[in-house]
S.K.: 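Let me give you the structure first, and then I'll get to my questions.
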Amino acid sequence: MKTQRILVSLLLAVTMLLGVFAFAGCGSNGGVAADFVISEGGFDTSKPVTITFYHTMGANLRDVLDRYIVKFNELYPNITVQHEQVGGYDDVRDQIKTEITVGNQPNIAYCYPDHVALYNLAQAVTTLDTLIASDLEITRADGSKDILGLTDEQIADFIKGYYEEGKQFGDGKMYTMPLSKSTEVLYYNKTFFDKHGIKVPTTWDELEAVCKQIKEIDPDSIPLGYDSESNWFITMCEQSGSAYTSATGDDLFLFDNETNRAFVARFRDWYQKGYVTTQELSGGYTSELFTKAESEAGNSYMSIGSSAGATHQRPDKVNESYPFEVGIATIPQLNADAPKVISQGPSLCIFKKNDPQEVMASWLFVKYLCTTVEFQAEFSMASGYVPVIKSVGDNEIYKGSFLDLADGGDYISALSAKICLEQEKAYYTSPAFNGSSTARDQVGLLMQKCLSSDWGADAEAQIKKAFEDAVAECKYQAGN
C-alpha cells in the first residue's frame, strides 16, 4: 500500500513536470526554480496580448474587478484580461493541476501556499523576483511613465506579513503577491461582558479565567467557540516559538515536541470542563453558538473565527434591533507584547508561458490590483477581506465611508477590518511545501481527538501516541 502511494506521488510529479517541459521549454535547474528572464526589448505596449485569470469571485466582486479592468486598459489597451470564476479555492487548484499536464493552465490564479507548492512539483509558477526588481521604464497609453517593477515605497506599503507569504517555499524566492487577506479575531458578546464587568482577555491565561467566570454565571453555556482546530494548533506553535513544519531538510514534520503536547493537554482540560468547543466537535461553525439567545443552553459568549466572516458573528435583529452588541479584539496571546496571528486569504500567482510578453502583461495586472489604493479599498469593502497595503487606511472613501462607521452592529465588517489593520505587525505564515496541507489536516484531527477522547488517567500517554501517529501519517502520505 505504501509502495502504491509512493508510485502515485511520483507519477503525478513526473506527469506534471513533463507537461511543463512540453509547453514551457524550461527544465528543472536541479530542483531550484529559474528566475524569469525579461525580454530583450522589454514589454511591448503595442503588441496585443491576452491573459486569463482564474478566481473564486462572486458577482459583487466581479463587478468591482470589471470596473478596474476598464481603468487598467486605459493604461494598457493592448492587454486583454479574461477572467473566470472556477468554483471554490480547491476547484481552482484541481482544475489547474489537470491543465498543467497539457500546458493549458491560466496566466494568473487565486492561490493558497499549498496550491503553489503543488504547482511547483512541475515548476509551473513564475518566480517574481526579477519582475519586482526591474527598473525597466514603460510608457503607458495616457503618456505617463512607470517602471515594470515595484518601488521601495510600494514594497514598504504592503503589510509585511502578507507580502512575506510569497517567500515561504524554502528557497527564498518570491512566488505570489497578496491580493486580499483575512485573519482570526476574537468576537465577544460586549453587552454580556459590560453587564458582568468582564475584561476582554488578551492572553490565554486571562481567557481561561474568563471562561471560568462565564461558566459560573451561566453553567449551561460553552464560553468559547474556536472554529479551526488546525489554526489553533499552528498559531500556538508560532506564539510558543515551538517547531511545527519545515520546507527544507529531511525532517519536514516537526510538531511532535513537549511544548506542543503541553498546550494540547491544557486545551483538553478546557474542553473537559466545558469551557471550549470547536467547529468539528460542535458540528458546525461556532458562530452558530455565539449568535444563539442567552437563554438557550450551549450558547457561547466568545468566538474565534475568520475576520472575513464578521457578519456571520452578528445575531439577527429582533424588533429592529440586535439582541446584543458584538465586540472584536485580537485573539489571545502567550505574550501580549509580541502578538502572532495567522495570515489567510487569497494571493495571486503567475504561471510560466512560452511568450514572455504574457508573463510581463500578467505581472502588470497583478501589480495594478495589489498596489492600486482605490481597487484595494473597494474590493475590501465589497468582500469583507482586509486590504494588503497600509495606505488604504488613509483613503478618504475607505476611511470616511467604512472604517469611521465601525461598530458591533450594522458596520461589523468595518470593525473587523479596523482590528486587522491595527495588528498589521502580528501576522505570520507557515512554511509551504508538498505535504504542508497534510500536516495542517493532521494537526486539526489531532486536536479533535485529544480534546474529546475519554482517556481518563491515561491521557498523557494517549496524547503522546496521538502526536506520534499524526507525524507518521504525514510521512506516510508524503511517501517517506
S.K.: Cut-off 3.5 Å, side chains only: do Tyr271 and Asp269 have a donor facing an acceptor?
M.R.: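 Absent: no donor and acceptor within the cut-off.
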S.K.: Please tabulate, one pair per line, all N/O donor-acceptor pairs under 3.5 Å involving side-chain atoms of residues 287-298, not counting sequence neighbours.
M.R.:
| from | atom 1 | to | atom 2 | distance (Å) |
| --- | --- | --- | --- | --- |
| Thr291 | OG1 | Ser287 | O | 2.8 |
| Lys292 | NZ | Ala297 | O | 2.8 |
| Glu296 | OE2 | Ala293 | N | 3.3 |

S.K.: Can you tell if the side chain of Val326 reaches within under 4.5 Å of the side chain of Asn189, non-hydrogen atoms only?
M.R.: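 Side chain of Val326 against side chain of Asn189, heavy atoms only: no contact under 4.5 Å found.
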S.K.: Evaluate the side-chain proximity of Met302 to Leu207: yes if any heavy-atom separation is below 4.5 Å, no if none is.
M.R.: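 With C-beta onward as the side chain, the pair touches.
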S.K.: Quick one: are Phe233 and Val264 in side-chain contact, heavy atoms under 4.5 Å?
M.R.: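 Yes; the side chains approach each other to less than 4.5 Å.
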S.K.: Is Lys464 paired with Asp458 through a side-chain N to carboxylate O contact shorter than 4.0 Å?
M.R.: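 So Asp458 does not pair with Lys464 through a salt bridge.
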S.K.: Table please: side-chain donor-acceptor pairs of residues 438-451 below 3.5 Å, with sequence neighbours left out.
M.R.:
| from | atom 1 | to | atom 2 | distance (Å) |
| --- | --- | --- | --- | --- |
| Arg440 | NH1 | Asn231 | OD1 | 2.8 |
| Arg440 | NH2 | Asn231 | OD1 | 2.8 |

S.K.: Compute the ring centroids of Tyr119 and Phe351, then answer whether they are less than 6.0 Å apart.
M.R.: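 So the answer is yes for these two rings.
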S.K.: For the pair Arg67 and Asp63, evaluate salt bridge (Lys or Arg N to Asp or Glu O under 4.0 Å) and give the outcome as yes or no after the intermediate values.
M.R.: CA-CA 6 Å; Arg67 287 200 302 275; Asp63 287 344; 5.8 Å; no
S.K.: For His83, what residues pass the ring pair (Phe, Tyr, Trp, His ring centres under 6.0 Å) criterion, not counting sequence neighbours?
M.R.: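 His83 satisfies ring pair (Phe, Tyr, Trp, His ring centres under 6.0 Å) with His55 once adjacent residues are dropped.
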S.K.: Below 4.5 Å, heavy atoms only, C-beta onward: do Val341 and Thr330 meet side chain to side chain?
M.R.: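 Touching, per the 4.5 Å side-chain cut-off.
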S.K.: Quick check: are there more than 12 heavy atoms from other residues, nucleotides or ligands sitting under 6.0 Å from CD1 of Ile155?
M.R.: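 Correct, the count exceeds 12.
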S.K.: Are Tyr54 and Tyr110 close enough that their ring centers fall under 6.0 Å?
M.R.: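 Distance test on ring centres: not under 6.0 Å, no.
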S.K.: Which atom pairs, one a donor and one an acceptor, fall under 3.5 Å between side chains of residues 191-200 and the rest of the protein, sequence neighbours left out?
M.R.:
| from | atom 1 | to | atom 2 | distance (Å) |
| --- | --- | --- | --- | --- |
| Thr191 | OG1 | Glu325 | N | 2.9 |
| Asp194 | OD2 | Lys190 | NZ | 2.8 |

S.K.: Tell me, please, which residues at least two apart from Leu254 pass side-chain contact (heavy atoms from CB on, under 4.5 Å).
M.R.: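 Leu254: side-chain contact (heavy atoms from CB on, under 4.5 Å) contacts with Ala243, Ser246, Asp251.
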S.K.: Going by side-chain contact (heavy atoms from CB on, under 4.5 Å), name the residues that satisfy it together with Ala308, two or more places apart in sequence or in a different chain.
M.R.: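 If we apply the side-chain contact (heavy atoms from CB on, under 4.5 Å) test to Ala308, skipping adjacent residues, the hits are Ser182, Ser306, Tyr385.
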S.K.: Check this for me, if you would: do Arg261 and Glu460 make a salt bridge, where the nitrogen-to-carboxylate-oxygen distance has to be below 4.0 angstrom?
M.R.: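 So Arg261 does not pair with Glu460 through a salt bridge.
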S.K.: Can you tell if the side chain of Asp171 reaches within under 4.5 Å of the side chain of Thr248, non-hydrogen atoms only?
M.R.: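 Not in contact.
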S.K.: Assess whether side chain to side chain contact (heavy atoms under 4.5 Å, CB included) is satisfied between Lys367 and Leu150, documenting all intermediate values.
M.R.: CA-CA 8 Å; Lys367 172 185 172 181; Leu150 296 175; 3.9 Å; yes
S.K.: Checking the side chain of Asn107 only, and the main-chain atoms of Thr52 only, is there a donor and an acceptor separated by less than 3.5 Å?
M.R.: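 Looks like yes, one N/O pair under 3.5 Å.
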S.K.: Please examine the side chains of Met177 and Phe158, heavy atoms only from C-beta on, and report whether any two atoms are closer than 4.5 Å.
M.R.: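 Yes, at least one pair of side-chain atoms sits under 4.5 Å.
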S.K.: Looking at Ser221, is its backbone amide N or carbonyl O close enough to the side chain of Lys215 to form a donor-acceptor pair, meaning the two atoms are under 3.5 Å apart?
M.R.: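 Yes; at least one donor-acceptor contact below 3.5 Å.
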S.K.: Hey, does the side chain of Gln333 reach the backbone of Ile331 with a donor-acceptor pair shorter than 3.5 angstrom?
M.R.: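 The answer is yes, because a donor-acceptor pair under 3.5 Å joins these two groups.
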S.K.: Looking only at heavy atoms, what is the nearest atom pair of Pro106 and Glu99, with distance?
M.R.: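 Smallest interatomic distance, heavy atoms only, reads CD-OE1, 3.6 Å.
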S.K.: Return the minimal non-hydrogen interatomic distance between Cys111 and Val116, and the atom names on each side.
M.R.: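 In terms of heavy atoms, the two residues are closest at SG-CG2, 3.8 Å.
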S.K.: For a side chain to side chain contact (heavy atoms under 4.5 Å, CB included) check, start with the C-alpha distance between Leu186 and Ile328, then their side-chain angles and the critical distance, and finish with the verdict.
M.R.: CA-CA 6 Å; Leu186 172 67; Ile328 306 178; over 6 Å; no
S.K.: Tell me whether Arg93 is salt-bridged to Asp90, with the criterion being a basic N under 4.0 Å from an acidic carboxylate O.
M.R.: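 Answer for the salt bridge query: yes.
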S.K.: Run the side chain to side chain donor-acceptor pair (under 3.5 Å) check on Tyr427 and Glu164 step by step: do they pass?
M.R.: CA-CA 10 Å; Tyr427 296 114; Glu164 293 295 323; over 6 Å; no
S.K.: Just by distance, do the side chain of Ser401 and the backbone of Tyr398 share a donor-acceptor pair under 3.5 Å?
M.R.: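 Side chain of Ser401 to backbone of Tyr398, a donor-acceptor pair under 3.5 Å: no, none is there.
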S.K.: Compute the ring centroids of Phe263 and Trp204, then answer whether they are less than 6.0 Å apart.
M.R.: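 Not under 6.0 Å, so no.
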S.K.: For Tyr244, give me all partners under ring pair (Phe, Tyr, Trp, His ring centres under 6.0 Å), at least two apart in sequence or on another chain.
M.R.: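 Once residues adjacent in sequence are excluded, Tyr244 has no partner under the ring pair (Phe, Tyr, Trp, His ring centres under 6.0 Å) criterion.
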S.K.: Any sub-3.5 Å donor-acceptor pair from Ser416's side-chain atoms to Ser307's backbone N or O?
M.R.: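 Here the side-chain-to-backbone pair exists.
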S.K.: Are any side-chain N or O atoms of Gln239 and backbone N or O atoms of Leu334, one a donor and one an acceptor, separated by less than 3.5 Å?
M.R.: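 Answer holds: yes.
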S.K.: Does Asp129 pair with Lys173 as a salt bridge, N-O distance under 4.0 Å?
M.R.: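 So Asp129 does not pair with Lys173 through a salt bridge.
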S.K.: Test your reading of the model: is there a side-chain donor-acceptor pair from Asp91 to the backbone of Gly88, 3.5 Å cut-off?
M.R.: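 Yes; at least one donor-acceptor contact below 3.5 Å.
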S.K.: Taking all non-hydrogen atoms of both residues into account, name the closest pair between Gly161 and Thr429 and its distance.
M.R.: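 So the two residues come closest at O-CG2, 4.1 Å.
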S.K.: With no hydrogens and no angle check, is any side-chain donor or acceptor of Lys181 less than 3.5 Å from a backbone partner on Pro387?
M.R.: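 No, because the side chain of Lys181 does not come within donor-acceptor range (under 3.5 Å) of the backbone of Pro387.
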S.K.: Can you check salt bridge (Lys or Arg N to Asp or Glu O under 4.0 Å) on Glu208 and Lys212, steps first, answer last?
M.R.: CA-CA 6 Å; Glu208 182 175 13; Lys212 182 176 185 294; over 6 Å; no
S.K.: Testing Thr277, Asp227, Thr278 one by one against Thr286 for a side-chain hydrogen bond (donor to acceptor under 3.5 Å, both in side chains), which residue passes?
M.R.: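 Only one of Thr277, Asp227, Thr278 forms a side-chain hydrogen bond (donor to acceptor under 3.5 Å, both in side chains) with Thr286, namely Asp227.
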S.K.: Do the non-hydrogen side-chain atoms of Phe255 and Ser242 ever get within less than 4.5 Å of each other?
M.R.: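 Not touching, per the 4.5 Å side-chain cut-off.
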S.K.: In chain order, what residues pass the side-chain hydrogen bond (donor to acceptor under 3.5 Å, both in side chains) check against Gln279, with sequence neighbours excluded?
M.R.: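 Scan of Gln279 (side-chain hydrogen bond (donor to acceptor under 3.5 Å, both in side chains), adjacent residues dropped) gives none.
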S.K.: In plain terms, say whether Asp66 and Arg62 are close enough for a salt bridge, that is, a side-chain N and a carboxylate O under 4.0 Å apart.
M.R.: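 Looking at Arg62 together with Asp66, the answer is no, because their closest N to O distance does not fall below 4.0 Å.
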S.K.: If I compare all heavy atoms of Ala247 with all of Leu252, which pair ends up nearest, and what's the gap?
M.R.: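 That closest heavy-atom pairing would be C-CD2, 4.2 Å.
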S.K.: Might you confirm whether atom CG of Asn60 has over 12 heavy atoms from other residues, nucleotides or ligands at distances under 6.0 Å?
M.R.: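 Counting other residues, nucleotides and ligands, CG of Asn60 exceeds 12 neighbours.
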S.K.: When you check the side-chain N and O atoms of Tyr226 and Glu184, is any donor under 3.5 Å from an acceptor?
M.R.: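 Yes.
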S.K.: Using only atom types and a distance under 3.5 Å, with no angle test, would you say the side chain of Asp256 pairs donor to acceptor with the backbone of Phe467?
M.R.: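 Looks like no, no N/O pair under 3.5 Å.
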S.K.: Do Leu224 and Ser303 have side chains that get closer than 4.5 Å, going by heavy atoms?
M.R.: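 Answer no - side chains too far apart.
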S.K.: Applying ring pair (Phe, Tyr, Trp, His ring centres under 6.0 Å), name anything that partners Phe72, two or more places apart in sequence or on another chain.
M.R.: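 Counting only residues at least two positions away or on another chain, Phe72 forms a ring pair (Phe, Tyr, Trp, His ring centres under 6.0 Å) with Tyr76, Phe365, Tyr368.
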S.K.: Got a sec, which residues hit ring pair (Phe, Tyr, Trp, His ring centres under 6.0 Å) with Phe379, two or more places apart in sequence or on another chain?
M.R.: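 Ring pair (Phe, Tyr, Trp, His ring centres under 6.0 Å) list for Phe379, sorted by chain: Phe375.
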S.K.: Please enumerate all residues that pass side-chain contact (heavy atoms from CB on, under 4.5 Å) together with Glu238, with sequence neighbours excluded.
M.R.: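 Scan of Glu238 (side-chain contact (heavy atoms from CB on, under 4.5 Å), adjacent residues dropped) gives Lys340, Tyr428.
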S.K.: Could you check whether any side-chain N or O of Gln376 sits under 3.5 Å from a backbone N or O of Val388, counting only pairs where one atom can act as donor and the other as acceptor?
M.R.: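 Yes, Gln376 side chain to Val388 backbone: donor-acceptor pair under 3.5 Å.
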S.K.: Looking at residues at least two apart in the chain, or sitting in another chain, which of them share a side-chain contact (heavy atoms from CB on, under 4.5 Å) with Asp410?
M.R.: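 Scan of Asp410 (side-chain contact (heavy atoms from CB on, under 4.5 Å), adjacent residues dropped) gives Lys317, Tyr322.
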